[in-house]
Number of protein chains: 2
Amino acid sequence: MRETDFRSGCPIATTLDVLGDKWTLVIVRDMLNGKAKFAEFLGSPEGVPTNILAARLKRMVETGLAKKTAYQERPKRFAYELTPKGRDLIPVVHAMCGWAKSHYSECWTPPVAFMDLRP
Amino acid sequence: MRETDFRSGCPIATTLDVLGDKWTLVIVRDMLNGKAKFAEFLGSPEGVPTNILAARLKRMVETGLAKKTAYQERPKRFAYELTPKGRDLIPVVHAMCGWAKSHYSECWTPPVAFMDLRP
DNA sequence: GCTACACACTTGCTTTTTGCAAGTCACTAG
DNA sequence: CTAGTGACTTGCAAAAAGCAAGTGTGTAGC
């Protein structure tokens, strides 16, 4: 995503242009919980389709939220992890957790380790 | 949206199921800034299409983020405003503002009044 | 060698959502 | 009787999402 693609200079609109879809923050959550491999993300209960996951990981690398590194050669396998820019989304996901917990009583209480995360 | 439509009980996924698109939080931002009428939302620089705006306002009323009231009869005209549940998104939009300001230096600094908002 | 299996994707196709332009409906003003 | 405003709705093309199946590269077992 280039800056010229942003709808406006508004920080909220800019944030939504980068990660305003149904999957990106779910993947960020998984990464914050230590998941790193393609198959690990697929294992999450939301059930992201493989093509969507591949597209999101690609875009997250392009926008600098995550980085991709080979954790082994032959066969080449990759791990994805958040960059500092990606980790800086922690306050955003925490705020969302707080909101959902307040208004959707049936939703889960995140693990303490997750809520204790700091950028 | 019914609870059975949620992808999982995760609070982040739940939040994204309710407002995980490119427009809803832009409209929330406008409402926090005092906008209330259909034409006022259309005036924002992001340029939401009229059919999308109508659909989002409808869904925001259905999910309890906003309420719609007639501010005059004949011709009937409506005003939209956030419910307490909608105002509780303030920490989410503030967190997004902070993130965008940190990583996209060209984006605007929100007005002090906006950043001083509390649920 | 052959089969089976794992991981990380990619491809093809259908369905859904988005976005744009234009039109509608209920009025008010001149 | 025409023009204008506000709040939408409709039609249609383009883009994105979702599903199932397939591909490429390797290891393990027989």
Side-chain angles (χ1 to χ4, degrees), chain A residues 1-2 4-8 13 16-28 30-31 34-63 66-81, chain B residues 1-2 4-8 12-13 15-28 30-31 34-63 66-81:
Chain A
M1 160 120 24
R2 293 158 307 182
T4 50
D5 293 332
F6 293 148
R7 288 172 292 174
S8 76
L16 294 172
D17 284 336
V18 175
L19 46 82
D21 69 283
K22 278 178 44 181
W23 291 110
T24 303
L25 286 180
V26 168
I27 300 169
V28 168
D30 283 351
M31 290 180 178
K35 294 187 181 180
K37 300 174 192 174
F38 197 89
E40 289 175 329
F41 301 123
L42 289 182
S44 290
E46 291 80 15
V48 57
T50 56
N51 56 342
I52 303 288
L53 176 60
R56 287 297 173 279
L57 289 171
K58 185 159 178 276
R59 204 181 63 177
M60 288 172 72
V61 170
E62 286 166 2
T63 57
K67 69 175 195 291
K68 177 183 187 176
T69 49
Y71 66 89
Q72 69 171 40
E73 304 286 327
R74 333 204 29 251
K76 211 153 192 169
R77 296 285 151 84
F78 302 98
Y80 296 87
E81 59 180 324
Chain B
M1 159 127 17
R2 292 158 309 184
T4 51
D5 293 331
F6 292 148
R7 289 171 294 174
S8 78
I12 296 164
T15 300
L16 293 173
D17 284 335
V18 176
L19 45 82
D21 70 281
K22 277 176 45 180
W23 292 110
T24 304
L25 286 180
V26 168
I27 299 169
V28 169
D30 282 352
M31 290 180 178
K35 293 186 181 182
K37 299 175 191 173
F38 197 89
E40 288 176 330
F41 301 123
L42 289 181
S44 290
E46 291 80 15
V48 56
T50 56
N51 56 340
I52 303 288
L53 176 59
R56 288 296 173 277
L57 289 171
K58 184 159 180 276
R59 203 180 63 179
M60 289 172 71
V61 170
E62 285 167 3
T63 57
K67 71 173 192 294
K68 177 183 187 176
T69 49
Y71 66 89
Q72 68 170 44
E73 303 288 326
R74 328 198 38 242
K76 212 154 191 168
R77 295 286 150 82
F78 301 99
Y80 295 88
E81 59 180 323

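By convention in this document, chain letters (A, B, ...) are assigned in the order of the sequence lines, proteins followed by strands, and residues within each chain are numbered from 1. Just so you know, these numbers use all the heavy atoms, side chains as well, and skip hydrogens, waters and symmetry mates.
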Asker: Considering heavy-atom distances to DNA chain D, does Pro49(A) or Arg74(A) have its closest nucleotide positioned more toward the 5' end?
Answerer: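 The residue whose closest nucleotide sits nearer the 5' end is Pro49(A).
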
Asker: Taking only the side-chain heavy atoms of Tyr71(A) (C-beta and beyond), determine which of dC7(C), dC19(D), dT10(D) contains the nearest atom.
Answerer: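 Of the options given, the side chain of Tyr71(A) lies nearest dC7(C).
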
Asker: Nearest-Å distance, CD (Gln72(B)) to P (dG6(D))?
Answerer: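 To the nearest whole Å, that distance equals 10 Å.
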
Asker: Should Trp23(B) be listed as having a side-chain N or O under 4.0 Å from OP1 or OP2 of dG19(C)?
Answerer: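 Yes, such a contact exists.
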
Asker: In whole Å, what is the span from the CD atom of Glu40(B) to the P atom of dC8(D)?
Answerer: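 For the pair Glu40(B) CD and dC8(D) P, the rounded distance is 13 Å.
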
Asker: Taking OP1 and OP2 of dG6(D), is either one under 4.0 Å from a side-chain nitrogen or oxygen of Tyr80(B)?
Answerer: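 The answer is no; no side-chain N or O of Tyr80(B) sits under 4.0 Å from OP1 or OP2.
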
Asker: In whole angstroms, how far is the C1' atom of dC7(C) from the NZ atom of Lys68(A)?
Answerer: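 Rounded to whole Å, this separation is 12 Å.
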
Asker: Taking atom P of dC9(C) as reference, at what distance in whole Å does atom CE of Met60(A) sit?
Answerer: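 After rounding, the gap between these two atoms is 14 Å.
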
Asker: If you look at every strand shown and take non-hydrogen atoms under 4.0 Å, does Lys58(B) touch a base, only sugar-phosphate, or nothing?
Answerer: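 No contact at all - Lys58(B) keeps every heavy atom at 4.0 Å or more from the nucleic acid.
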
Asker: With heavy atoms under 4.0 Å as the rule, sort Lys22(A) into base, sugar-phosphate or nothing.
Answerer: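 Lys22(A): backbone/sugar contact only, no base atoms under 4.0 Å.
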
Asker: Taking the side chain of Arg77(A) as its heavy atoms from C-beta onward, which of dC8(D), dC7(C), dG12(C) lies nearest to it?
Answerer: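 Closest nucleotide among those given: dC7(C).
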
Asker: Quick one: which of dC19(D), dA8(C), dT10(C) gets closest to the side chain of Ala54(A)?
Answerer: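 Looking only at side-chain atoms, Ala54(A) lies closest to dT10(C).
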
Asker: Could you state the atom-to-atom distance from CG of Asp21(A) to C1' of dA15(D) in whole Å?
Answerer: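 The distance from CG of Asp21(A) to C1' of dA15(D) comes to 14 Å, rounded to the nearest Å.
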
Asker: Measure across Leu53(A) and Phe38(A) and return the closest heavy-atom pair with its distance rounded to 0.1 Å.
Answerer: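 Answer, listing the atom of Leu53(A) first, then Phe38(A): CD2-O, 3.6 Å.
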
Asker: Closer than 3.5 angstrom, by distance alone: can the side chain of Asp17(B) be matched with the main-chain N or O of Arg7(B) as a donor-acceptor pair?
Answerer: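 Yes, because the side chain of Asp17(B) sits within donor-acceptor range (under 3.5 Å) of the backbone of Arg7(B).
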
Asker: Please state how far atom CD in Glu73(B) lies from atom C1' in dC25(C), giving the value in whole angstrom units.
Answerer: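 Taking atom C1' of dC25(C) as the reference, CD of Glu73(B) is at 16 Å.
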
Asker: What's the closest nucleotide to the side chain of Thr50(B) if the choices are dC19(D), dC27(C), dC8(D)?
Answerer: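 Looking only at side-chain atoms, Thr50(B) lies closest to dC8(D).
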
Asker: According to a strict under-4.0 Å criterion, is Lys37(A) in side-chain N/O contact with OP1 or OP2 of dC9(C)?
Answerer: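 Looking at the OP1 and OP2 atoms of dC9(C), neither is under 4.0 Å from any side-chain N or O of Lys37(A).
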
Asker: Look at the side chain of Ile52(B) and decide which nucleotide, out of dG18(D), dG19(C), dA8(C), has an atom nearest to it.
Answerer: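 The closest nucleotide is dG19(C).
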
Asker: Can you tell me how far P of dG22(D) sits from CG of Asn51(A), to the nearest Å?
Answerer: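 Result: 16 Å.
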
Asker: For the residue pair Glu46(B) and Ser8(A), what are the closest heavy atoms and their distance?
Answerer: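 Where Glu46(B) meets Ser8(A) most closely, the heavy atoms are OE2-OG, 2.6 Å.
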
Asker: Where the side chain of Ala39(B) is concerned, which of dA7(D), dT10(C), dC20(C) is the nearest nucleotide?
Answerer: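 Output: dA7(D).
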
Asker: Are the side chain of Glu40(B) and the backbone N or O of Gly43(B) linked by a donor-acceptor pair below 3.5 Å?
Answerer: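 No; judged by distance alone, with no hydrogens or angles, the pair does not exist.
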
Asker: By nearest atom, which of the nucleotides dA7(D), dG19(C), dC9(C) is closest to the Phe78(B) side chain?
Answerer: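 Of the candidates, dA7(D) comes closest.
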
Asker: Starting from P on dA16(D), measure out to CG on Asp5(A) and report it in whole angstrom.
Answerer: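 So the CG-P distance, Asp5(A) to dA16(D), works out to 11 Å.
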
Asker: Classify Lys76(B) by what it touches in the nucleic acid, base, sugar-phosphate, or nothing, heavy-atom distance under 4.0 Å.
Answerer: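 Nothing, no heavy atom under 4.0 Å.
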
Asker: Counting distance only, does the side-chain N/O of Asp21(B) pair as donor-acceptor with the main-chain N or O of Thr24(B) below 3.5 Å?
Answerer: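 Such a contact is found between Asp21(B) side chain and Thr24(B) backbone.
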
Asker: Does the cation-pi check pass for Lys68(B) over Tyr80(B), that is, NZ or CZ under 6.0 Å from the six-membered ring centre and within 45° of its axis?
Answerer: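 So Lys68(B) doesn't make the cation-pi contact.
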
